[in-house]
Amino acid sequence: MDHFLYKNGVLHAEDVSVAEIAASVGTPFYVYSTATLTRHFRLFQEALAGMDHMICFAVKSNGNLAVLKVLGDLGAGMDVVSGGEYRRAKAARVPGERIVFSGVGKTREEMALVLEGGIRQFNVESEPELRALSEVASRLGKVAPIAIRVNPDVDAKTHEKIATGKSENKFGIPIAKARAVYAEAASLPGIDVVGIDVHIGSQLTDLEPFRAAYLKVADLYADLRADGHDIRRLDLGGGLGIPYTRSNEAPPLPMEYGQVIRETVGHLGCEIEIEPGRLISGNAGILVSSVIYLKEGEGRDFLILDAAMNDLVRPSMYGAHHDIIPVQEAEAASTAQPYDVVGPVCETGDTFAKARALPTLTDGDLVAFRSAGAYGAVMASEYNTRPMIPEVLVRGDHFAVIRARPTYEEILGRDSIPAWLSAE
Ligand SMILES: *Cc1c(COP(=O)(O)O)cnc(C)c1O
């Protein structure tokens with residue numbers, strides 16, 4: 001459920017007309033709903049109720065400071081994968097004790113930044129990283145709390161580009177090797193072993209891979225305890241999928257996911273961390289765009305939008321489906337017809353949907369892409385020198401621009417022509 005519904009025939013974000021935002025901000029733009037973000041965060045709180053837990057929002061799914069502030073104010077922790085994301089979490093006033101640092105290639109500079117600023121735990125992904133962290137922490141006179149990310153060799157049954165829990169993926173340490181790596185960790189200065197971490201992929205629509213991975217974590221927990229490690233925290237990652245179509249998809253609910261956690265690791269008495277991104281932010285955002293031209297082709301009509309693959313890359317990168325709906329509600333009697341929905345970028349890959357059945361649309365009409373709150377704005381680029389599009393946050397009957405569209409002066413001003421060229 002989200003808060004993007006038609007009222008009086010016009011799509012609204014909570015109580016604000018999307019057409020009004022478009023008139024004020026100009027298209028294309030992203031809109032996020034505070035009520036939907038809140039609702040999704042609370043679903044995880046309810047799913048883990050009664051267990052000592054921390055829900056760390058995956059900042060990489062949507063890193064806007066205002067979004068992080070909404071979630072941080074609800075008590076969310078943050079899962080960050082770079083020094084930049086750590087800075088975002090801190091700028092949204094999330095304390096270091098609620099931030100976990102994941103990622104396969106943390107640099108020494110990032111480690112130092114995070115150790116100085118405060119951190120709940122590093123999720124360490126390799127032995128060289130572990131040794132580097134020990135060095136950096138020792139040099140700074142700090143102790144780094146760590147979990148080791150184990151790779152459970154479980155097939156997440158999701159898109160190959162976002163599956164991370166198979167042994168051929170670059171992530172984590174093979175679970176069979178984990179005891180040896182934990183032994184090394186315990187012997188290193190500046191390292192405090194606190195937990196086990198696992199994350200098997202994104203947009204999982206089946207609970208069984210989670211169950212398989214968490215059972216392996218429970219076994220490892222017993223082994224590590226027997227080896228004398230004071231494991232007190234389990235970070236179970238993110239990855240729960242969302243429905244991208246209204247009609248025929250029903251991925252598992254957070255409550256059912258919580259039940260799997262209870263059944264597999266609930267009895268261990270550990271603090272449970274999870275790192276959901278998409279399930280919190282995905283359906284809390286839409287992308288609004290205008291039709292520039294309706295181009296009638298041979299055998300097919302193209303809707304050429306002012307949004308493009310650089311604004312929302314998921315369709316061209318993963319072949320992802322996003323529901324597209326008109327902002328002005330179609331009349332009940334109107335018949336759907338197929339359109340190829342494309343952007344203006346000079347690549348055939350700049351196609352959002354092929355032969356998509358939509359109500360009759362024409363130049364100047366507004367459309368909205370649903371489920372665009374996660375891996376949308378954060379993956380945008382300025383390809384074709386298209387300015388990064390604004391982000392808007394709605395709460396009740398208010399809206400605010402939470403990232404402004406840059407001016408062309410700002411965009412061009414980042415480049416410079418070297419002196420040896422300017423003279424010519
Ligand atoms: C991407 C990622 C997540 C979030 O995944 P979602 O599918 O958005 O829930 C969580 N943890 C790690 C380590 C990640 O890389």
Side-chain angles (χ1 to χ4, degrees), residues 27-32 58-64 67 79 81-82 84-85 102-105 155-166 168-171 199-205 237-245 249 251 275-289 302-325 339-356 367-391 403:
T27 57
F29 59 91
Y30 281 99
V31 193
Y32 310 127
V59 173
K60 81 169 192 277
S61 72
N62 187 323
N64 190 288
V67 169
D79 171 49
V81 294
S82 69
E85 286 191 357
S102 300
V104 70
D155 184 354
K157 299 189 200 127
T158 183
H159 191 283
E160 58 170 317
K161 288 187 184 165
I162 49 175
T164 60
K166 283 287 281 174
E168 66 259 33
N169 302 132
K170 68 182 176 182
F171 298 98
H199 170 75
I200 57 174
S202 196
Q203 187 53 18
L204 273 72
T205 51
L240 192 58
I242 62 170
Y244 276 97
T245 57
E249 261 182 291
E275 304 169 345
R278 191 188 309 265
L279 200 134
I280 292 177
S281 56
N283 277 322
I286 59 173
L287 166 61
V288 181
S289 178
F302 295 94
L303 279 180
I304 303 176
L305 304 184
D306 62 1
M309 62 188 286
N310 68 297
D311 304 310
L312 177 67
V313 78
R314 298 188 67 259
S316 59
M317 185 151 159
Y318 309 119
H321 171 101
H322 284 267
D323 277 356
I324 302 170
I325 57 171
Y339 292 105
D340 279 13
V341 184
V342 302
V345 162
C346 308
E347 294 211 17
T348 303
D350 187 22
T351 298
F352 291 117
K354 284 199 164 153
R356 178 72 63 87
V367 296
F369 291 78
R370 285 188 167 280
S371 315
Y375 307 105
V378 284
M379 295 179 93
S381 76
E382 285 174 353
Y383 188 37
N384 280 208
T385 308
R386 295 168 45 83
M388 300 274 270
I389 67 178
E391 295 173 270
R403 177 181 292 164

Look up atom [atom1] in [X] and atom [atom2] in [Y], then write down how far apart they are to the nearest 0.5 Å.
| X | Y | atom1 | atom2 | result |
| --- | --- | --- | --- | --- |
| Lys60 | Asp79 | NZ | CG | 7.0 Å |
| Leu204 | Asp155 | CG | CG | 9.0 Å |
| Gln203 | Arg314 | CD | CZ | 7.0 Å |
| Ile242 | Thr205 | CD1 | OG1 | 11.5 Å |
| Asp340 | Leu303 | CG | CG | 9.0 Å |
| Glu391 | Tyr32 | CD | OH | 3.5 Å |

Which residues satisfy the side-chain contact (heavy atoms from CB on, under 4.5 Å) test with [X], sequence neighbours excluded?
| X | value |
| --- | --- |
| Val345 | Ala308, Met309, Asn310, Glu347, Asp350, Tyr383, Asn384, Arg386 |
| Ala353 | Ile324, Val341, Arg356 |
| Met379 | Val313, Met317, Tyr318, Tyr375 |

Minimal non-hydrogen separation, [X] against [Y], with atom names:
| X | Y | value |
| --- | --- | --- |
| Ser371 | Asn283 | OG-OD1, 2.6 Å |
| Ser289 | Leu305 | OG-CB, 3.4 Å |
| Ile389 | Asp311 | CG2-OD1, 3.2 Å |
| Pro315 | His322 | CG-CD2, 4.0 Å |
| Ala368 | Ile286 | CB-CD1, 4.1 Å |
| Val59 | Glu85 | CB-OE1, 3.7 Å |

Derivation of the side chain to side chain contact (heavy atoms under 4.5 Å, CB included) call for Ser102 and Glu275: CA-CA 10 Å; Ser102 300; Glu275 304 169 345; 3.6 Å; yes

Test item: Leu312 and Tyr30 side chains (from C-beta on) under 4.5 Å apart, heavy atoms: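 In contact.
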
